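Scroll down for the structure; my scribbles are underneath it.
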There are 2 protein chains.
Amino acid sequence: MTDTVPRPTLEAVAARAGVSRATVSRVVNGSDGVREPLAERVRRAVDELGYVPNQAARSLVTKRHDAIAVIVAEPETRVFADPFFARQLRGISKELTAHDNQLVLLLTEDRDDHARVGRYLAGGHVDGALVFSLHIDDPLPQLIQRAGLPTVYGGRPDWNGGQGGVAYVDSDNRGGARDAVRHLLGLGRERLAHITGALDQTAAVDRLDGFRDVMGDADPLLVAEGDFTPGGGERAMRLLLERCPSLDAVFAANDLMAAGALRVLREHGRRVPDDVAVVGFDDMLPVAEQTDPPLTTVRQDIEEMGRLMARRLLDDGAEPDGLILPTMLVRRASA
Amino acid sequence: MTDTVPRPTLEAVAARAGVSRATVSRVVNGSDGVREPLAERVRRAVDELGYVPNQAARSLVTKRHDAIAVIVAEPETRVFADPFFARQLRGISKELTAHDNQLVLLLTEDRDDHARVGRYLAGGHVDGALVFSLHIDDPLPQLIQRAGLPTVYGGRPDWNGGQGGVAYVDSDNRGGARDAVRHLLGLGRERLAHITGALDQTAAVDRLDGFRDVMGDADPLLVAEGDFTPGGGERAMRLLLERCPSLDAVFAANDLMAAGALRVLREHGRRVPDDVAVVGFDDMLPVAEQTDPPLTTVRQDIEEMGRLMARRLLDDGAEPDGLILPTMLVRRASA
DNA sequence: GCCACGGGCGAGAGCGCTCTCGGATCAACG
DNA sequence: CGTTGATCCGAGAGCGCTCTCGCCCGTGGC
């Protein structure tokens, strides 16, 4: 961590251009009120010296940091097992850099981390926070609210009654689920089962609600709780086959579980989609395209979701409320 | 981006504790030379006021930032299609937070981004950089070197003759490949083929070299170039079957391509592992465990790799050279 | 031809911290 | 009891920047 060559200061640029610091500052920050010939001289001095403003000094007085914290609360490894996170980050990153903001990444796993994050946010190092709070009992939101920073959540938060006063961006999980179910019905299927995700996450709840929107409160035996993992999908599928051998369609709350379900179906000699049609959710690429048969699934635009989160955060005027992005059914061979 | 409540300053703490700013600073920064009763009074004042040091002011004078840039050069979507990146990030994050450093994430896609990153690094916002430079003609390393920041690369850089003067952390790609090949030979296989990765990446080159270490310069017809994608794996597999229908084993340079190869083999009626044994690389979980049959593959400890990169960067004394992490063959059903 | 006015620029204070340096205090020693 | 030396603490300068304030000069109106 040895320090670099001493970098030129505003002072130095001012001296070279034969003006005052104030003038250089004005030019550098693009404020008007500096006549052209002078401004030009300053600009030349700036790049002759290779001047780059010292962000620390600037923040000290402006109290702005041009930096945003992205907080990922992930005690489990699930998020890391799929590429969601990376896509979202990319969307966020694009939007932030377009507005000259930096992205400070905070990954948390346990309570200690939460305290640390709380301190960091309270420390006023960043201008706002993007939060992926994935589980229902997560204490993080409170910590963040206490820090008093502008915040946008990724995914509908479970607290707060679902809306009002809290900014979030989410996919239309419920609508996507409805599309999936309607597609199965449109295929002439009659006994539809649903494998839910981990129900402590709002995405899972919303997808289940979508299923019920169309199916009514149908046979509760046709709904089995999974956990978003392939193993969970397998277990749920086995259970469903046992309970209701005549089922002819399955809607799984994500592709990973759908993949698990496919294996169990094959194991039981059911042909997909002939005997049983299967629809997933996410369009998680390395999985959805590689299963046998490839999955029909509900795609969400993850990168766009990230981008919009960042945009809402930077756009100070926006009302804090929910923003729901559309989903799209992608037809492949499984249904 | 409305600003928060004015936070207490050193001054305020000093006043409350009835000491000078200097003393508070000493206590806060854990320097000795402050007698216990006084120190205690200061500490009480600190948490009564909820004082958190202003990092900007601190950086201004210390020229340290306690922040590290993580630069991911990724013009393609490949990295985002697998969870590598996230795991590595997690390892890095753990190590950095253990040393009270922040992680500033810079994702780059094109030339413009490179210029921006160069400016950012030159701007002296961070104390060092971790770089994932994935392709051979990437201009990023030069930009970074010019910024004069301590840097550690993820994966062996292709330039610089492979070692000497540049710090990097990599998996033992070559050794892992040798293990994979020896395992196949140990199974009694005789006609081994290799599907390479994209050869503009050192990981692909090293794995190919490992294959050749064991096989000699064997039949060049038994080596087909892939690109690390499932589609590439399929194409390569088809080519290999055409060239040499009698092959009885395939080593693919990653699991994604191995999955593609499995599909083509099944399509051609070859049973795995009975007719053809298949070994992958990476142990990329959602894929390796879910293929049919599950993949035998070479595992690398990605998270540890990230952790070590961070550790080397923070550990100023370390010699800048390469650090190679061991790999491990994971046996599943495919070989 | 004088005064009021406004726009362009510089002087200077101050953001919150660290760190050097010198003054005060106290124990110990002659 | 005076002196030395070590130790603890405070005063103050200064990091590089922004931003307010006021001076100066040029212009236009009466």
Side-chain angles (χ1 to χ4, degrees), chain A residues 1 3-43 45-46 49-67 100 122-127, chain B residues 1 3-43 45-46 49-67 100 122-127:
Chain A
M1 238 68 27
D3 45 11
T4 56
V5 216
R7 296 189 296 122
T9 73
L10 246 207
E11 190 77 47
V13 178
R16 184 174 192 102
V19 300
S20 73
R21 287 202 316 278
T23 300
V24 179
S25 176
R26 278 188 266 261
V27 172
V28 169
N29 293 307
S31 103
D32 44 358
V34 176
R35 254 183 294 237
E36 196 36 52
L38 243 200
E40 182 49 34
R41 234 164 64 214
V42 170
R43 264 178 252 120
V46 163
L49 294 176
Y51 170 75
V52 187
N54 179 323
Q55 182 62 33
R58 183 179 275 175
S59 297
L60 184 55
V61 27
T62 59
K63 270 125 177 46
R64 301 189 67 262
H65 301 84
D66 295 322
D100 268 312
H125 303 256
V126 292
D127 301 325
Chain B
M1 237 67 24
D3 45 12
T4 57
V5 214
R7 296 188 297 122
T9 72
L10 246 206
E11 191 77 46
V13 178
R16 183 175 193 104
V19 298
S20 73
R21 288 204 314 280
T23 300
V24 179
S25 175
R26 279 188 267 260
V27 172
V28 169
N29 293 306
S31 103
D32 43 358
V34 176
R35 251 182 297 235
E36 197 36 52
L38 244 202
E40 182 50 35
R41 234 166 63 214
V42 170
R43 263 178 252 121
V46 163
L49 294 176
Y51 170 74
V52 186
N54 180 322
Q55 182 62 34
R58 183 179 274 176
S59 297
L60 184 55
V61 27
T62 60
K63 270 126 180 46
R64 301 189 68 262
H65 301 84
D66 295 323
D100 268 312
H125 303 256
V126 292
D127 301 325

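Order of the sequence lines sets the chain letters (A, B, ...), proteins ahead of strands, with each chain counted from 1. All figures in this text were calculated on a predicted structure; none of them were measured in a lab.
DNA chain C lies under 4.0 Å from at least one heavy atom of each of the following residues of residues 18-29 of chain B: B:Arg21, B:Ala22, B:Ser25, B:Asn29.
By the ring-ring contact (aromatic ring centres under 6.0 Å, His included) test, B:His65 is found to be paired with no residue, residues two or more places apart in sequence or in another chain being considered. For the side-chain hydrogen bond (donor to acceptor under 3.5 Å, both in side chains) test, residues two or more places apart in sequence or in another chain that qualify with A:Ser25 are A:Asn29. Residues passing the side-chain hydrogen bond (donor to acceptor under 3.5 Å, both in side chains) test with A:Thr62: none are found, sequence neighbours excluded.
Taking CZ of B:Arg64 as the reference point, atom CD of B:Gln55 lies at 9.0 Å (rounded to 0.5 Å). Atom CZ in A:Arg43 sits 4.5 Å away from atom CD in A:Glu36 (nearest 0.5 Å). Expressed to the nearest 0.5 Å, how far OG1 of B:Thr9 lies from CG of B:Leu49 amounts to 9.0 Å.
Once you apply a 4.0 Å limit to the heavy atoms of chain B, the touched nucleotides of DNA chain D run 5' to 3' over D:dC8 to D:dG16.
Inter-residue side-chain proximity for B:Asp100 and B:Asp66 is flagged as unmet; no heavy-atom pair is nearer than 4.5 Å. B:Leu38 places a side-chain heavy atom less than 4.5 Å from the side chain of B:Val19. Looking only at side-chain heavy atoms (C-beta outward), B:Val28 and B:Arg58 come within less than 4.5 Å of each other.
Annotation: of the two residues near DNA chain D, A:Thr9 and B:Leu38, the 5′-most nearest-nucleotide partner is B:Leu38.
Helix bend of the helix from C:dG1-D:dC30 to C:dG30-D:dC1: the angle between its two end axes, each built from five pairs, comes to 50° after rounding to 10°.
Without hydrogens or angle criteria, B:Arg26 side chain to B:Gly33 main chain gives no donor-acceptor distance under 3.5 Å.
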